[in-house]
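The next block holds one structure in the form of structure tokens; read it before the comments.
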Amino acid sequence: MRDEHEKLDIRVRRWIFQQGWSELREIQSLAIEPILSAKTDVLISASTAAGKTEAFFLPAISAIAEQQKGVGILYISPLKALINDQDRRLESLSDLLDMPVTPWHGDSPQGKKNKLKTSPAGIVLITPESLESLLIRDAGWVKSAFSLLRYVVIDEFHAFLGSERGHHLLSLLHRLEHLLGRLKSPIPRVALSATLGEIEKVPLALRPNQSLPCKIIRDTNAVSTLKVQVKGYVNPAQVDIEEPIDAEYKICQDLFKFCRGGNHLVFANSRNRTEIIAATLSDMCDQQHVPNEFFPHHGSLSKELREGLEKRLQQEHYPTTAVCTMTLELGIDIGKVNSVVQVTAPHSVSSLRQRMGRSGRRGGASILRMLIAEDELTKDSNPIDKLRLELIQSLAMIRLLISSKWYEPADTSLYHFSTLLHQILAVIAQWGGIRADQLYNLLCKEGPFQNISAADYKAILLHMGSSELITQLGSGELVLGVLGERITGHYSFYAVFKTPEEFRIVSGTKTLGTLPIDSLVLVGQHIIFGGKRWIVKDIDSDKKTIYVERAKGGKPPKFGGSGMSVHDVVRQEMFKILSDGDYRIAVADQKIDFADANARELFRESVAFFNEAELRQNSLLQHGNDVYIFTWHGDKVVNTIAALLIMNGYEAGVYAGVIEVSKTSLTDVAASLRSLSLRAYPTAAELADSVLEKRVDKFDEFLPEEVISLGYGAKVFDMNDAHCWLKKFS
DNA sequence: GACCTGCTGCGGAATG
């Protein structure tokens, strides 16, 4: 290890000494050789604050220390805030080597950008969108300024993995290598992340054409201790008018107790709940005549408010608790907090891991509290409530996090058609004109859109021609059409993702409210809105309106309208916990219980209902006039079964991964599932044909119908696994 | 009870 350190530039070693570091961390030593050699991609997977950034920059800066001209390192970040943090953190090291660092994003100073334009050198910190804008507007400059580029490094790589934006980034990097004439001798890519699921598949996601090998570096000896507690709360069925104390208020009382006087993060999952909890806690400060120390933090708040709070957390002068959404999940520099609290079930194991990593000061234990409220049971409680699925999901996620060290992997079955269309326009805008076959080679054959067939690519080009996005010249070259010029000329072009559109929910002549549509909505589907049940009658994509009628039915379940997609593995862990009647984690010959008395009682109720309904053996349950289907699969499979039933004339809704089929009987549903399992089943794209609103990504409006169905089907449905599950009825 | 991210270049007014 000591020898490794000797390979670094003398000034870098001096800097390490100045930091007072007696030696490098394991991942930092391990990264030196592969990064200096610059012959492979490198994946550095280590927990938050384990020194990943330094593991890359110490050797990479050493390697470009003597390079006077030309940018040597291109650092890519998903957030502008992270670029500003990184700029600050690199200051002392870059000063010592007299190496310029240029932050380059929409809000970074024009003066620094101009300086880089005239004398490109050192390190550039950029977002994917700003890199796109440089390629389109100034490819000539990029070609000369980056001609000696040695490394590309991607921070928080999991934030890109599997998403439209991640695919955009891969395409940008491929186009950059193409522009620089480096397809034969690729520029090494280094990816940094704390939470990567199925890590052995990540190299393929970092470089789909595999033109360089990839070295994986993980921190093995980091045995960070974790203290976890799950606390249960019961929302009374009858609230006392004299003294109305519901579960949410009790949760706030406990938050006040845990958090006051220290620095904490409270993740509340929705902006609305974030505001309510922060306001309740501020009121409590008022009542006790103490200064307020609870503040909300989410994406709708102004930059000034957010940055003010981040600074306050970082300085540690005043006790501060941020009640936040995922905005404080990524590595924005707020230092470490005393503890993290999760109110309501987390969306994914990977995001739970990110959140947990925010706590653990001075090498101490990470502390995670999870506060889960369930409704008190009454005789007409819904089976989903009786199963306490929010609590069970939370317990399952903690087990996967701690004992399996499992995180959700990227979904590699997606096509990313919207992003391909964006890239077709971007490449044409960059080059002025290009032949269709060259474009196909660049983006699909050698680039990241390898899932897309030549036939689909051709259909997209023809459709783009018919809507005047592009035109073909007599020479055969493709150039921008009238509409294409307009779209690529506007600054809003550079991002491939869009903010989901709000649909109006209309019943009769009355507007009930608005709902952002980014998940599956089918005619005939039941949804819950404003605490009531509705059936979807029609969807008008042009008017952005969903027409609904009141639906009869018992009390709607509290947990799990549609939301973020839950993975198969999580649902299977939930089934295992309920089947075993035990959620505790085995450590050596002991079983660790991490639930409080209330949570244990809620779990006991859940298991009692699970056993009484014989859900270990049976997938179907009759409850009044409704039938519940338990697949214990992820949302893609559940969506598929629900859509098949709706196609066959049933009314159904999906809540917390359970399908609720209305006004029917168990024998009827069982017969239908049996006939579904025996019939030739449709493809995902055919099933998607029946979905009215499936143009959800930014450039979907310019894609031909059949391509839309193919892309949407792959995103929302899983025919293979759904059919496997249906087989048990044949 | 529904998460988050990003984007140009120019014209004109205000400030030192």
Side-chain angles (χ1 to χ4, degrees), chain A residues 76-83 104-108 110 113-114 126-138 155-156 158-161 163-166 168-169 172 235 246-248 267-277 297-301 303 306 324-332 342-348 350-352 354-355 373 375 390 422 426 429 487-503 505 512-521 527-532 556-566 635 655-656 698:
Chain A
I76 296 168
S77 153
L79 298 178
K80 289 184 288 192
L82 224 48
I83 288 178
W104 190 296
H105 57 69
D107 301 332
S108 61
Q110 193 61 46
K113 291 184 182 173
N114 292 339
I126 202 166
T127 60
E129 290 73 20
S130 284
L131 181 56
E132 181 68 87
S133 127
L134 277 178
L135 281 176
I136 290 180
R137 290 170 182 270
D138 220 346
D155 206 354
E156 307 277 12
H158 64 276
F160 289 112
L161 203 54
S163 70
E164 293 294 335
R165 203 176 180 206
H168 182 204
L169 174 58
L172 284 167
N235 226 356
D246 59 2
E248 187 148 291
F267 287 94
N269 286 354
S270 86
R271 287 184 289 237
N272 188 29
R273 197 183 293 111
T274 299
E275 288 288 346
I276 292 172
I277 292 176
H297 191 282
H298 55 74
S300 309
L301 288 174
K303 201 174 137 205
R306 285 163 64 168
C324 56
T325 59
M326 63 181 289
T327 44
L328 286 180
E329 196 173 290
L330 288 182
I332 296 173
Q342 169 76 42
V343 179
T344 69
H347 300 305
S348 67
S350 140
S351 109
L352 182 60
Q354 288 285 138
R355 293 173 182 189
D375 284 351
E390 184 171 3
H422 176 267
I487 290 177
T488 55
H490 194 262
Y491 70 87
S492 60
F493 176 71
Y494 303 114
V496 296
F497 55 90
K498 76 166 182 183
T499 14
E501 279 169 299
E502 298 270 327
F503 273 58
I505 309 287
L512 304 172
T514 61
L515 192 67
I517 295 299
D518 46 9
S519 55
L520 179 70
V521 180
I527 59 171
I528 293 172
F529 190 76
K532 298 193 174 80
K558 186 179 88 75
F559 175 62
S562 49
M564 311 229 328
S565 211
V566 173
D635 283 326
Y655 315 103
K698 189 171 172 186

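Convention: sequence-line order gives letters A, B, ...; per-chain numbering from 1.
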Once you round it to whole Å, what is the distance between [atom2] of [N] and [atom1] of [X]?
X      : N     : atom1 : atom2 : answer
A/N272 : B/dG1 : CG    : P     : 11 Å
A/H298 : B/dC4 : NE2   : C1'   : 13 Å
A/H168 : B/dT5 : NE2   : C1'   : 13 Å
A/L82  : B/dC4 : CG    : P     : 17 Å
A/Q354 : B/dC3 : CD    : P     : 19 Å
A/L301 : B/dT5 : CG    : P     : 10 Å
A/R271 : B/dG1 : CZ    : C1'   : 13 Å
A/L328 : B/dC3 : CG    : P     : 15 Å

Q: State whether A/T327 places a side-chain N or O below 4.0 Å from either non-bridging phosphate oxygen (OP1 or OP2) of B/dC4.
A: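 The answer is no; no side-chain N or O of A/T327 sits under 4.0 Å from OP1 or OP2.
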Q: Check whether any side-chain N or O of A/R306 sits under 4.0 Å from OP1 or OP2 of B/dT5, and answer yes or no.
A: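 Yes, A/R306 has a side-chain N/O under 4.0 Å of OP1/OP2 on B/dT5.
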Rounded distance (nearest 0.5 Å) linking atom [atom1] of [X] with atom [atom2] of [Y]:
X      : Y      : atom1 : atom2 : value
A/L172 : A/L131 : CG    : CG    : 5.0 Å
A/N235 : A/D375 : CG    : CG    : 5.0 Å
A/M326 : A/S351 : CE    : OG    : 7.0 Å

Enumerate the protein-to-nucleotides 6-9 of chain B contacts in which both atoms are nitrogen or oxygen and the separation is below 3.5 Å.
{"unit_1": "B/dG6", "atom_1": "OP1", "unit_2": "A/K80", "atom_2": "N", "d": "2.6"}
{"unit_1": "B/dG6", "atom_1": "O3'", "unit_2": "A/T127", "atom_2": "OG1", "d": "3.4"}
{"unit_1": "B/dC7", "atom_1": "OP1", "unit_2": "A/G106", "atom_2": "N", "d": "3.1"}
{"unit_1": "B/dC7", "atom_1": "OP1", "unit_2": "A/T127", "atom_2": "OG1", "d": "2.8"}
{"unit_1": "B/dC7", "atom_1": "OP1", "unit_2": "A/S130", "atom_2": "OG", "d": "2.7"}
{"unit_1": "B/dC7", "atom_1": "OP2", "unit_2": "A/G106", "atom_2": "N", "d": "3.3"}
{"unit_1": "B/dC7", "atom_1": "O2", "unit_2": "A/Y491", "atom_2": "O", "d": "2.6"}
{"unit_1": "B/dC7", "atom_1": "O2", "unit_2": "A/S492", "atom_2": "N", "d": "3.3"}
{"unit_1": "B/dT8", "atom_1": "O3'", "unit_2": "A/R137", "atom_2": "NH1", "d": "3.4"}

**Q.** Polar contact flag, side-chain donor to acceptor under 3.5 angstrom, A/H298-A/E275
**A.**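 The answer is yes; a qualifying pair exists.
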Q | side-chain contact (heavy atoms from CB on, under 4.5 Å) evaluation trace for A/T344 with A/R273 | A | CA-CA 10 Å; A/T344 69; A/R273 197 183 293 111; 3.5 Å; yes
Q: Would you please indicate yes or no on a ring centroid separation below 6.0 angstrom for A/H422 and A/F493?
A: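 Yes: the rings meet the under 6.0 Å criterion.
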